[in-house]
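What follows is one structure encoded as structure tokens, with my remarks underneath.
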Amino acid sequence: MSVSLAKIPSLDLLRGFVAVGRRMSITLAAGDLFLTQSAVSRQIHTLETALGVKLFERTHRAIRFTAEGEQLFGAADSAMQTLQDALGVLESSLRRRPVTITASIGFVGLWLLPRLGAFQALHPEIEVRISANNQIVDLRKDGLDVAIRYGQEALMPAGAIRLFGETVFPVAHPSLELTRLDRPELIEQATLLEFEGDPSAWWQWNSWLEAQGWSGVKPKSILRFNLYDQLIHAAVAGQGIALGRGQIIGPMLADGRLVALPTPRPGPASNKVYCLIQRDTLPNSQAQTLIEWICAEARITDAAPASVARLESRG
């Protein structure tokens, strides 16, 4: 004959009872549960009162089960061990679940992947899954932990963490032998690489030429791209002059794969930023570790292009 669920004592009381029964010591059980000795004693007393039976006989130096206590311990210890085993399997499964991050194809290819090896070296136990996608997705519905989004900061959802803005300026491969864009003749002799994935003025060569007072100047040719990483790869291959994001292409400027080309006047300024959006207000420890690492790398990125921006503004 069994009792209803409503009559089963609380798990806290049973956990305290099992801990004492395994150790046959209230002091040692208290250490196992990270509780005080008096707190465990109160749990045992409350359980005995609820059941209406004594579970332990107390002597000056030790405790031992009563007949009822021994009978309850056999069942409670087995049930508690089964619960411990099940929770252990669940915890292990959660630890192995990859942390999934979604971001635009260009951000993943040009910013995240070149840095991700350093994260894996620091945290080899964390499995990361990357979803490179230019579409807006539902993090919860699609099982994603973190998203990197690009747009006006004021339009980002509540809780979004600003990573860095963008400084846009002309860049080219050193093989083109350009150090500045200070004459319209240089445009007439060049191939311009145009990004069509964003209609903002700072990505349009016509807007840049107009800002220099060169409206109507025509380049030798134009190559158009709908993906930003393809445009940058074309610039690195020496196929023309691109408008580059200083924050994203910083390593390429640092190692000489690309050079910044100052212009007589500043071009249109961007008002967009990259932000991190997390699915859960309190992420699991592995997701939190990845989030903190991304934010730390972003702070470095945000500071690095300042010298490039100053160079451009001097013209």
Side-chain angles (χ1 to χ4, degrees), residues 86-168 195 197-198 200 202-203 226-229 232 244-251 269-306:
L87 290 174
V89 171
L90 180 60
E91 185 178 80
S92 177
S93 174
L94 288 174
R95 280 198 302 266
R96 290 195 300 268
R97 186 178 69 84
V99 180
T100 303
I101 178 170
T102 181
S104 68
I105 296 170
F107 184 91
V108 168
L110 296 173
W111 191 90
L112 183 59
L113 286 182
R115 292 166 170 81
L116 197 58
F119 176 80
Q120 292 176 310
L122 289 171
H123 303 284
E125 77 285 1
I126 299 179
E127 184 178 341
V128 179
R129 177 177 176 271
I130 298 172
S131 175
N133 193 325
N134 288 339
Q135 304 301 314
I136 299 298
V137 295
D138 184 319
L139 296 185
R140 194 163 299 281
K141 179 181 177 182
D142 294 329
L144 303 168
D145 296 289
V146 180
I148 307 298
R149 289 292 172 253
Y150 168 77
Q152 295 182 42
E153 189 168 6
L155 300 181
M156 291 292 174
I161 302 171
R162 182 189 185 280
L163 296 178
F164 48 81
E166 65 176 0
T167 308
V168 180
F195 180 43
D198 188 325
S200 302
W202 52 89
W203 289 118
N226 68 329
L227 295 177
Y228 182 69
D229 62 328
I232 291 301
R245 287 183 175 111
Q247 287 80 351
I248 299 294
I249 63 171
S270 171
N271 65 352
K272 293 185 179 180
V273 299
Y274 286 92
C275 286
L276 182 147
I277 301 168
Q278 56 195 53
R279 182 189 63 199
D280 302 319
T281 304
L282 296 174
N284 64 51
S285 61
Q286 295 190 333
Q288 184 63 39
T289 298
L290 179 61
I291 289 169
E292 291 175 356
W293 175 82
I294 290 173
C295 290
E297 289 292 314
R299 286 192 291 271
I300 297 171
T301 297
D302 208 18

### Message
If you count heavy atoms of other groups shown closer than 6.0 angstrom to CG of L155, is the number above 12?
### Response
yes

### Query
So which of L276, V108, I148, L116 actually passes side chain to side chain contact (heavy atoms under 4.5 Å, CB included) with I101?
I148

### Query
Taking side chain as C-beta onward, heavy atoms only, is F119 less than 4.5 Å from I126?
yes

### Query
Where do Q247 and T167 come nearest, in terms of heavy atoms and distance?
OE1-N, 2.8 Å

### Query
Does any non-hydrogen side-chain atom of Q120 lie less than 4.5 Å from one of V128?
no

### Separation between CZ of R97 and CD of E127, rounded to the nearest 0.5 Å
10.5 Å

### Message
Could you check whether any side-chain N or O of Y228 sits under 3.5 Å from a backbone N or O of R245, counting only pairs where one atom can act as donor and the other as acceptor?
### Response
yes

### Task
Identify the two heavy atoms, one from A121 and one from P124, that lie closest to each other, and give their separation to 0.1 Å.
O-CD, 3.8 Å

### Query
Can you tell me how far NZ of K272 sits from CZ of R149, rounded to the nearest 0.5 angstrom?
13.5 Å

#### Entry: Carboxylate-amine/guanidinium proximity below 4.0 Å for R162 and D302
yes

### Query
What salt bridge (Lys or Arg N to Asp or Glu O under 4.0 Å) pairs are there with at least one residue in residues 289-301, not counting sequence neighbours?
R115-E297

## Note on the structure
Value for CD1 (I105) from CG (L110), rounded to nearest 0.5 Å, stands at 11.0 Å

### Message
Assess the residue pair V99 and R129 against the criterion (side chain to side chain contact (heavy atoms under 4.5 Å, CB included)); give the C-alpha distance rounded to whole Å, side-chain angles, the decisive distance to 0.1 Å, and a yes or no.
### Response
CA-CA 6 Å; V99 180; R129 177 177 176 271; over 6 Å; no

### Polar side-chain atom of N284 near backbone of Q286 as donor-acceptor pair, under 3.5 Å
yes

### Query
Of all heavy-atom pairs between L144 and R279, which one has the smallest distance, and what is that distance?
O-CD, 3.3 Å

### Message
Within the 4.5 Å heavy-atom criterion, are D145 and L139 side-chain neighbours or not?
### Response
no

### Message
Under a plain distance cut-off of 3.5 Å, with no hydrogens placed, do S270 and E166 share a side-chain donor-acceptor pair?
### Response
yes

### Query
Stepwise, does the side chain to side chain contact (heavy atoms under 4.5 Å, CB included) test hold for Y150 with D198?
CA-CA 11 Å; Y150 168 77; D198 188 325; 3.4 Å; yes

### Query
Who passes ring pair (Phe, Tyr, Trp, His ring centres under 6.0 Å) against F107, sequence neighbours left out?
W111, Y274

### Query
Rounded to the nearest 0.5 Å, what separation is found between the CD1 atom of I161 and the SG atom of C275?
9.0 Å

## Note on the structure
Shortest non-hydrogen pair, I249 vs G244, comes out as CD1-CA, 3.9 Å

### Message
Are L113 and I130 packed together at the side-chain level, in the sense that at least one heavy-atom pair is separated by less than 4.5 angstrom?
### Response
yes

### Query
To the nearest 0.5 Å, what is the distance between CD1 (I232) and CD1 (I248)?
9.5 Å

### Query
With side chains defined as the heavy atoms from C-beta onward, is the minimum distance between C295 and L163 less than 4.5 Å?
yes

### Task
Go through the steps to decide whether V146 and T102 satisfy the test side chain to side chain contact (heavy atoms under 4.5 Å, CB included), and finish with yes or no.
CA-CA 6 Å; V146 180; T102 181; over 6 Å; no

### Query
Hey, are the side chains of W203 and V168 touching, using non-hydrogen atoms and a 4.5 Å cut-off?
yes

### Atom of P157, atom of I277 and distance for their closest heavy-atom approach
CG-CD1, 3.5 Å

## Note on the structure
Sequence neighbours excluded, the answer for side chain to side chain donor-acceptor pair (under 3.5 Å) partners of Q278 is none

### Query
What is the distance from atom CD1 of I300 to atom CZ of F164, rounded to the nearest 0.5 Å?
11.5 Å

